[in-house]
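This report concerns only the one structure given below.
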Amino acid sequence: MAGQFEVPSCDKCRNPAIHHQVYSGRMMCGAHLSDSIRKKFSKAIREQLIIPHGEDITLLVAISGGKDSAVLLERIHDVFGRHRNVTIIGGCVDEGIEGYRPPSLECARKLCEDLGVQFETVSYPELGFKEMDEVVGKLDSLDEKKAPCSYCGVFRRQGINHLAKRVGADFIALGHNLDDMAQTIMMNLQNGDLERTLRLAPHTNFPIDGMAPRIVPLRWIPEQEIHLYAIHKGLPIHHEECPHGEGALRFRHRETIAMMESDVPGTRHGLLRMADDVKALHIKAKGDRPVTPSACIECGEMCSGETCKACEMRAQLS
Ligand code: SF4
Ligand SMILES: [Zn+2]
Ligand SMILES: [Zn+2]
């Protein structure tokens, strides 16, 4: 009837659509969007997580209380929860950010409880770093200061490595989505940082010595779809953003990538495919990882120089 508002329907079942997947042209209802996410996840995890036959493995899932890592843990639990030789552990790093970390930590804890997954946490002070709120307070007095996220990213990485060692993890799963991956590739391009692009997870075929390989099974799924899925599944997720993230370069890249994607649907997939191709070409030419890391002389973590970034930053802030 003229003037009546028509709700678009799902291409597969004619139920009302909740998502228009612009890059594929598909209209999807909640159930079919979930279906597509489950399929993409299963394909990626099969490619990235190669479990040696008959061996027991421990998989640390880095969770934050946010939507991406909640979906990651929910999917991993669904696929491997009943496997007797796979132990799943949820691990959350507490950066010490008032108003943001305590409620998100509770979401992470609740998700683990709901799924019956062991939950582990470690705080920055336990790792010998200052809490992020204190780091931010100190930044003004430094001559050569970086954005809070530059410190936080390095410290969190150490936190995840610490949890991996504590639980004896063979693999670490991270919740990076397609948008995160595209933003990182863009940032690396902007900095001319080929090295970092070559080191991007997944590390399945080329584990870096001394570190549990990282897998990223959500890497082909856009952020918006993960968000819709988390809501559709009723997962406990924290929606607030960190107060120290404002102004971070990553947020500018988020806008740029969103703009490019809306102009040319499929941009994010293209960037990721290109990074994969560069990695494959490099491996073909060199047959090896770009740099063999060595142990930091201060803390023993694997790094590319004498001392690791975290130890440098710890000293700078002390
Ligand atoms: S936004 Fe930046 S400071 Fe806040 S938790 Fe993330 S990395 Fe840390
Ligand atoms: Zn449908
Ligand atoms: Zn170190």
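Start at 1 and go down the list; that is how both ligands and their atoms are numbered. The structure displayed is predicted, hence computed values, not measured ones. In this chain, residues are counted from 1 in sequence order.
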Tell me, please, which residues at least two apart from Arg38 pass salt bridge (charged side-chain N to carboxylate O under 4.0 Å, His left out). Asp35

side-chain hydrogen bond (donor to acceptor under 3.5 Å, both in side chains) assessment of Asp68 paired with Asn177: CA-CA 7 Å; Asp68 303 297; Asn177 59 45; 2.9 Å; yes

If the threshold is 4.0 Å, N to carboxylate O, is there a salt bridge linking Asp179 and Arg254? no

For the Zn ion (ligand 3), check which protein N, O or S atoms are under 2.8 Å away and list them. Cys296 SG, Cys299 SG, Cys308 SG, Cys311 SG

Salt-bridge contact Asp114-Lys110 (side-chain N to carboxylate O under 4.0 Å): yes

Inspect the contact between Arg75 and Asp78 and indicate whether a charged nitrogen and a carboxylate oxygen are less than 4.0 angstrom apart. yes

Quick check against the 3.5 Å criterion: does Glu126 have a side-chain atom that pairs as donor or acceptor with the backbone of Ser123? yes

Per-atom filter on ligand 1: closer than 4.0 angstrom to a heavy atom of Arg156 are 5 (S), 6 (Fe), 7 (S), 8 (Fe)

For the side-chain hydrogen bond (donor to acceptor under 3.5 Å, both in side chains) test, which of Lys165, His162, Lys309 pairs with Glu301? Lys165

Run the contact test for Ile97 against ligand 1 with a 4.0 Å cut-off on heavy atoms, strictly below, and give the result. yes

Listing protein N, O or S under 2.8 Å around atom 2 (Fe) of ligand 1 gives Cys149 SG

Step by step, work out the side-chain hydrogen bond (donor to acceptor under 3.5 Å, both in side chains) result for Tyr151 and Gln316. CA-CA 10 Å; Tyr151 295 91; Gln316 193 197 8; 3.0 Å; yes

If hydrophobic clusters are built from ILVMFWY residues whose side chains come within less than 4.5 Å, do Leu73 and Val167 share one? no

Set of residues satisfying salt bridge (charged side-chain N to carboxylate O under 4.0 Å, His left out) with respect to Lys43, sequence neighbours excluded: Glu47

